[in-house]
Amino acid sequence: MRNQIEFEVSAPYALFTDPITKMGGEKSSYQIPTYEALKGVVKNIYFKPSLIMIVDELRVMNPIQMESKGIRPMDYNNGQKLNLAMYSYLRNVRYQVRAHFEFNHHRPELSEDHNENKHYSILKRALKAGGRRDIFLGTRECQADVTPCVFGEGEGFYDNYGELHFGTMVFGSFYPDETGKNELAIGLWQPIMKNGYITFIRPEKCELVKPVKKMTAKKFGIEDIESVNSLYHES
């Protein structure tokens, strides 16, 4: 596919929070990354508001392991008080990811920034450098590293495992700047891993969508962003 990148992302810990577990202040991770979390990784490698990042496929390389930690999160209602909580993290995670970008046609005011070849060149250069922003998996404390790879190469723990079902889980958030609708919505789906591989549906194919609130897209003009032409010539 055009504009496609393939990379490996790894970290000592990851926390793709299952929202059901947040009710009492605790947090527990899903067993696999959400689409939104991986999209965030791609956007931290390289992103412009004139682009939409699409995650195509995930390969789980390491066995799924959990580890619980005692955490003292801040009480945001009382800045002088610390709470006590147990967070359940994924441990020693490593994934291969395949993703690509498309132009965001819901932002016609940024059409001047639609230079496919230059964006793709910058994206590959940013990936090789480890990303333009810090990479993390699910939460900010779970710092991660990204490196280019050939998707499907190497031995994975689940290569001959068969099918593994994860039930209903969060797919991602749908924002008005990428959907054209003046609302924020949350999508759910039921992923199936086959021999370590998970193929993501496209966001518009997500059938379990729940509106959260009314929202309008942030306004951008071409003068508000650094053009792809100037970025391309950065050393």
Side-chain angles (χ1 to χ4, degrees), residues 9 14-58 71 73-79 83 85-90 95 97 99-110 133-142 144 165-192 198-221 224-225:
V9 56
L15 180 54
F16 309 110
T17 307
D18 182 343
I20 294 176
T21 66
K22 296 173 67 175
M23 304 295 260
E26 313 288 306
K27 289 184 181 181
S28 184
S29 179
Y30 284 124
Q31 294 176 287
I32 56 172
T34 63
Y35 177 92
E36 190 70 22
L38 294 176
K39 181 179 177 181
V41 171
V42 181
K43 290 169 70 172
N44 281 2
I45 294 172
Y46 174 67
F47 177 71
K48 297 286 291 294
S50 51
L51 305 177
I52 295 178
M53 299 301 185
I54 304 293
V55 182
D56 301 306
E57 198 169 359
L58 168 73
I71 304 294
M74 180 67 71
D75 185 338
Y76 291 102
N77 295 317
N78 182 352
N83 292 324
M86 291 296 293
Y87 288 6
S88 295
Y89 294 83
L90 289 171
Y95 307 109
V97 181
H100 72 281
F101 72 81
E102 298 175 1
F103 292 123
N104 188 351
H105 296 293
H106 295 294
R107 289 194 178 277
E109 69 275 15
L110 302 181
R133 299 178 182 175
D134 290 347
I135 306 298
F136 52 93
L137 290 175
T139 55
R140 196 64 177 81
E141 70 265 26
C142 297
H165 296 241
F166 295 96
T168 301
M169 60 180 285
V170 170
F171 177 82
S173 302
F174 301 139
Y175 292 95
D177 62 324
E178 295 188 359
T179 64
K181 301 177 181 178
N182 290 328
E183 66 177 19
L184 168 65
I186 299 295
L188 306 174
W189 76 314
Q190 297 174 327
I192 300 174
I198 298 172
T199 301
F200 290 102
I201 59 175
R202 287 186 60 90
E204 63 269 20
K205 297 295 185 181
C206 190
E207 297 180 350
L208 301 172
V209 179
K210 178 177 177 58
V212 176
K213 63 179 181 179
K214 295 294 183 182
M215 178 185 286
T216 57
K218 182 178 179 179
K219 299 297 183 182
F220 281 101
D224 297 320
I225 65 173

Visitor: Are Met215 and Tyr175 side-chain neighbours, meaning at least one heavy-atom pair lies under 4.5 Å?
Guide: yes
Visitor: Do Glu141 and Tyr89 have side-chain atoms, one donor and one acceptor, less than 3.5 Å apart?
Guide: yes
Visitor: Applying side-chain contact (heavy atoms from CB on, under 4.5 Å), run through Asn104 and Ser50 and close with a yes or a no.
Guide: CA-CA 5 Å; Asn104 188 351; Ser50 51; 5.7 Å; no
Visitor: Looking at every heavy atom in both Pro191 and Gly167, which two are closest together, and how far apart are they?
Guide: CD-O, 3.4 Å
Visitor: So among Tyr30, Phe166, Trp189, which one has a ring-ring contact (aromatic ring centres under 6.0 Å, His included) with Phe171?
Guide: Trp189
Visitor: Between Glu109 and Arg107, does any side-chain N to carboxylate O distance fall below 4.0 Å?
Guide: yes
Visitor: More than 12 foreign heavy atoms under 6.0 Å from CD of Glu204: is that the case here?
Guide: yes
Visitor: At their closest point, which heavy atom of Thr216 faces which heavy atom of Pro176, and how far apart are they?
Guide: C-CG, 3.7 Å
Visitor: Are the side chains of Val170 and Leu188 in touch, meaning some heavy atoms are under 4.5 Å apart?
Guide: yes
Visitor: Quick check against the 3.5 Å criterion: does Thr179 have a side-chain atom that pairs as donor or acceptor with the backbone of Lys181?
Guide: yes
Visitor: Can I get a per-line list of side-chain donor-acceptor pairs under 3.5 Å for residues 31-46, giving both atom names and the distance, sequence neighbours left out?
Guide:
| from | atom 1 | to | atom 2 | distance (Å) |
| --- | --- | --- | --- | --- |
| Thr34 | OG1 | Ala37 | N | 3.0 |
| Tyr35 | OH | Val55 | N | 3.3 |
| Glu36 | OE1 | Ser173 | N | 3.0 |
| Lys39 | NZ | Glu178 | OE1 | 2.5 |
| Lys39 | NZ | Glu178 | OE2 | 3.4 |
| Asn44 | ND2 | Asp134 | O | 2.9 |
| Tyr46 | OH | His119 | ND1 | 2.8 |

Visitor: With a 4.0 Å cut-off, would you call Lys218 and Asp177 a salt bridge?
Guide: no
